[in-house]
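For clarity, every value in this text was computed on a predicted model and none was experimentally measured. Within every chain, numbering begins at 1; the chains are lettered A, B, ... in the order of the sequence lines, protein sequences first and strands thereafter.
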There are 2 protein chains.
Amino acid sequence: MAITIKEIARLAGVSVTTVSQILNQKGGRFSEATKQRVLTVIKEQNYSPNYFASNIIAKKSKTIGVIVPDFSEQFASAIVREIKRHLEEQGYYLIICESDHEFEKEQVLLEQLAKIAVEGIILFTPNLYDQDQRIRKGRYQEIPVVFADRGLNEGYYGTVKIDEFSGVYRALEWLIEEGHRRIGLLMDDAEHYHLAERFDAYRQALQDHQLIIEETHIKQMPLTIEGGYQGATELLRETEVSAIFCCDDMLAIGCYQAVFDSGRVLDQEITVVGFDGGEVTQIVRPKIRSVRQPYKELGNAYADKIRMAIQQPDRQMDDRLFHVSFDPE
Amino acid sequence: MAITIKEIARLAGVSVTTVSQILNQKGGRFSEATKQRVLTVIKEQNYSPNYFASNIIAKKSKTIGVIVPDFSEQFASAIVREIKRHLEEQGYYLIICESDHEFEKEQVLLEQLAKIAVEGIILFTPNLYDQDQRIRKGRYQEIPVVFADRGLNEGYYGTVKIDEFSGVYRALEWLIEEGHRRIGLLMDDAEHYHLAERFDAYRQALQDHQLIIEETHIKQMPLTIEGGYQGATELLRETEVSAIFCCDDMLAIGCYQAVFDSGRVLDQEITVVGFDGGEVTQIVRPKIRSVRQPYKELGNAYADKIRMAIQQPDRQMDDRLFHVSFDPE
DNA sequence: CTGAAAGCGCTTACAG
DNA sequence: CTGAAAGCGCTTACAG
């Protein structure tokens, strides 16, 4: 059994009130001698107040819940890392949960997090909450919820949007400058995410440069390495593309594997560009050029929002817009 | 303000005792009618007991702390994933913290986790705790601590050891069978980890096959991609090795990059073998053959230990031994 | 400068 | 079958 405030008070020869006040920096009125005596006993006994007892009064758990679709997905992981750094500096604990992309699991997790009284929730989700009354005011059972969904849902605390268009457009422009005329596209199959903006940028870039958009150059695939492998294999077999733009780094990795297996030389016979700019693109050789997400900025934005939402749950916040970037080096 | 048990009692026309008992499956003695009435009100109001108030009595947070040296290190991540799966099934929450390999940060985190009353702590650490009185009995301030350190520290709840020797030996044997006579070694520089067992297996395997151990074939490097790159670059420049055994997958990745930059063809001119068998080895092409850690088994072992330690903090447990494996396909 | 007392939301003997 | 009361460990008006 851990030691209690009562015991500390007894040992220091004061009342529990005194101990409590001194412990919580509200002891200005006590004599220096008393303060020292109490602090010494606290130190000696290595006492710290019972977390639950304090919280029942303070109603603060200093804990924030984060729901991500998949721990191994690098987009969310990279952002969560930033969020974590940011929020832990402020003395918050993070509980990170995995939803497997499923709306139902998100509900269960929201419920659980509410039960353990997290102070706020950051929800990475591919799902639409537009109709959800419970979450309409940015709250799930009184707890502020901030969406980290690239602007899919209109959050009460302002939407965080990412301009993907300009970065993708820039990447395509670069490929065209490099002399590529037949550029394949590996895009999502709209299973979880709809990466329409990236598709639009691809089309617009080709069009602006008088290139014809060939249906056969476009493959819709699950956003996985296997998806990329299969899509690229088909492109290599059926078309004459000399470059492939992948709407996701995992697709690009699969693409690399397919090019390798086809015996072609990367960057010489086939150039691959990815999207997200994750670590993995820097690990393989040759490095994958990839449109980079503003991870740091996004992490800060979400962390800021949840912090402000906790402090002022009724205050609405501005929308924020961030940009991806493309740098072929 | 969330609704309280008092309010539920009022709405159901019963006492708080009744509500509490029914809520905690101790309501056998109440009439079916009462039970239904109470449960209905609870449901209607979407009531759940205040987490802190319950815990102050139950003294259970259902939370477990996990300390890892580095979130992006794949060895610990892969195991934590298993631990998480296992423990969340049992209704525990995990709080995962990062120590940056530092003993001092571990101390701060242990302190913090104790303060928020986690029920147990799993400590991934490269540091020695042998002398640490506070943790001698497997506890830090009453909280059970299980070491996840490959058997470095002698834990109160039994040591989890990994036999690395046989797997590394097998890998070297395979290289020799493949005809390699000059095999380089990239090993740790003993900064955080001392991978002596892997080194021993390398030496023993060469010796058993009448191969001379050349000092120039062995490079000590930090366990990073950069370390692997630099070590391999030196080996390729200074020696005639046709294979390189890397004591860590990150070294192997760096190795791959160095071979690529040197213009040599992987698996034809240089064969690289790694250690850990992480995902990354399956992403690059050609795939990296790598000695595989028993992630699943390790995760289960740590999860089991902490669960039992929580339930029976004074019971000592058996040591456990797991094996790495090597399968060149 | 200090402390007795009420109260946070809950659970659990105990009495009827 | 049911509830009044004590108590968990703490904080916070309030009185002196």
Is there a side-chain contact (heavy atoms from CB on, under 4.5 Å) between B/I79 and B/K296 once you walk through the steps?
-> CA-CA 7 Å; B/I79 296 175; B/K296 196 158 211 146; over 6 Å; no
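- If you measure from atom CZ of A/F52 to atom C1' of D/dG7, you get 18 Å, rounded to the nearest angstrom.
- In this structure, D/dA15 forms a base pair with C/dT2, meeting either the Watson-Crick or the G-U wobble geometry with both donor-acceptor distances under 3.5 Å.
- Going from atom CG of A/N50 over to atom C1' of D/dG9 covers 6 Å, rounded to whole Å.
- Between B/F147 and B/F124, the distance from one ring center to the other does not fall under 6.0 angstrom.
- A/P126 and A/E106 make their closest contact through CD-OE2, 3.8 Å (heavy atoms, listed as atom of the first residue, atom of the second, distance).
- The closest donor-acceptor contact from the side chain of A/Y157 to the backbone of A/P313 lies under 3.5 Å.
- Sorted by residue number, the members of residues 30-46 of chain B with any non-hydrogen atom under 4.0 Å from DNA chain D read B/F30, B/S31, B/T34.
- Separating the NZ atom of B/K6 from the C1' atom of D/dA5 is a distance of 13 Å, rounded to the nearest angstrom.
- Regarding A/K59, its NZ atom lies at a distance of 10 Å from the C1' atom of C/dG7, rounded to whole Å.
- Nearest approach of B/Y295 to B/E82, heavy atoms of both residues: O-CG, 3.8 Å.
- Side-chain nitrogen and oxygen atoms of B/T18 include at least one within less than 4.0 Å of the OP1 or OP2 phosphate oxygen of D/dG3.
- Following rounding to the nearest Å, A/I22 (CD1) and D/dC10 (P) show an atom-to-atom distance of 15 Å.
- For the pair A/K35 and A/E32, the salt-bridge criterion is met [side-chain N within less than 4.0 Å of a carboxylate O].
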Steps toward side-chain hydrogen bond (donor to acceptor under 3.5 Å, both in side chains) verdict (A/T17, A/S20) = CA-CA 5 Å; A/T17 307; A/S20 176; over 6 Å; no
Counting primed atoms, P, OP1 and OP2 as sugar-phosphate and everything else as base, the B/S/- map of nucleotides 11-16 of chain C against protein heavy atoms under 4.0 Å is BBB---
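- When all heavy atoms are compared, the tightest approach of A/K305 to A/M317 is O-CE, 3.6 Å.
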